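All values derive from a computational prediction rather than experimental measurement. When reading the values below, keep in mind they use all heavy atoms of this one structure, side chains included, and skip hydrogens, waters and symmetry mates.
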Amino acid sequence: MKAYLSRRYHFSASHRLHTDAYDEARNRELFGKCNNPHGHGHNYTVQVTLSGPVDPITGMVCNLGDLDAFARTHLLDRFDHTNLNMLPCFANRVSTTENLSKEIYRIFSEFALAHLENVHVEETSNNSFDYAGSRMPWNGTL
Ligand code: NI
């Protein structure tokens, strides 16, 4: 018997979509205004979903205080008010929200007190991305 919990976090960061694999013209064509050399910012919303058995004494999957402390140290302190392109995790990867979702998944997979199920990242009110590691429903492995 397991239960699921989801928690949302918010941070602001800037980025620029650009790949050294293509020349300037092809970058502009591919990424459009997101390739602007001056970058632009987003207010990101991250929703992490975790699962685990409900502790018979506390009635909880895990203590949200423990999850919040982990998120503060490993997510918010690392990403809030940064230029994503300057972070080591984007040194060789385009700072798309797909790649951001993968990085946040990698981070929360190390949270020891519950099992990470999914990372959902909202970049704008119209764009959101999900990453669930090897558990994505369309790749056939659960
Ligand atoms: Ni953007």
Side-chain angles (χ1 to χ4, degrees), residues 1-22 24 26-142:
M1 284 275 290
K2 66 179 178 180
Y4 296 80
L5 75 88
S6 295
R7 185 84 161 152
R8 291 165 77 86
Y9 300 100
H10 306 273
F11 67 88
S12 302
S14 64
H15 73 160
R16 178 198 184 203
L17 301 186
H18 180 90
T19 174
D20 291 337
Y22 296 156
E24 293 292 335
R26 195 165 175 194
N27 268 283
R28 272 196 302 277
E29 183 183 311
L30 176 63
F31 295 120
K33 64 183 180 180
C34 297
N35 183 243
N36 181 319
H38 301 292
H40 61 276
H42 294 287
N43 295 315
Y44 292 97
T45 296
V46 173
Q47 178 170 302
V48 294
T49 299
L50 302 109
S51 69
V54 178
D55 185 289
I57 296 173
T58 66
M60 301 189 292
V61 171
C62 73
N63 191 317
L64 289 181
D66 292 333
L67 181 60
D68 287 351
F70 182 92
R72 165 60 57 195
T73 301
H74 298 283
L75 177 71
L76 303 177
D77 285 353
R78 281 183 57 198
F79 289 100
D80 194 27
H81 288 77
T82 63
N83 176 346
L84 296 180
N85 293 51
M86 303 301 288
L87 301 178
C89 59
F90 291 112
N92 298 304
R93 285 191 287 181
V94 182
S95 59
T96 59
T97 306
E98 291 92 324
N99 278 334
L100 180 62
S101 301
K102 290 176 70 174
E103 177 64 10
I104 295 172
Y105 184 92
R106 190 193 65 72
I107 291 168
F108 277 89
S109 65
E110 292 172 8
F111 180 67
L113 303 177
H115 176 73
L116 179 62
E117 295 282 352
N118 189 62
V119 167
H120 173 82
V121 182
E122 296 170 17
E123 179 184 43
T124 71
S125 57
N126 293 324
N127 296 349
S128 67
F129 302 85
D130 288 82
Y131 189 73
S134 61
R135 298 167 60 84
M136 298 302 267
W138 50 83
N139 73 9
T141 56
L142 279 174

Tell me, which pairs form a salt bridge (Lys or Arg N to Asp or Glu O under 4.0 Å) where one or both residues lie in residues 47-68, sequence neighbours left out? Arg7-Asp68
Under the salt bridge (Lys or Arg N to Asp or Glu O under 4.0 Å) definition, can you give me all pairs with a residue in residues 11-20, not counting sequence neighbours? Arg16-Glu24
Identify which one of Phe90, Tyr44, Phe11 satisfies the ring pair (Phe, Tyr, Trp, His ring centres under 6.0 Å) criterion when paired with Phe79. Phe11
For Tyr9 and Phe108, take the angle between the two ring planes, folded into 0 to 90°, and tell me which bin it lands in: parallel under 30, tilted 30 to 60, perpendicular over 60. parallel
Can you check whether Leu17's main-chain N or O pairs, donor with acceptor, with Asn35's side chain at less than 3.5 Å? yes
Main-chain N/O of Tyr22 paired to Asn27 side chain as donor or acceptor, under 3.5 Å: yes
Student check: side-chain heavy atoms of Thr19 and Phe31 closer than 4.5 Å: yes
If you measure only the distance, is there a donor-acceptor pair under 3.5 Å linking the side chains of His81 and Ser12? no
With sequence neighbours excluded, residues passing side-chain hydrogen bond (donor to acceptor under 3.5 Å, both in side chains) with Arg26: none
Below 4.5 Å, heavy atoms only, C-beta onward: do His42 and Thr124 meet side chain to side chain? yes
Would you tell me whether Asp130 and His120 have side-chain atoms, one donor and one acceptor, within less than 3.5 Å of each other? yes
Does a side-chain heavy-atom distance below 4.5 Å link Leu75 with Ile104? yes
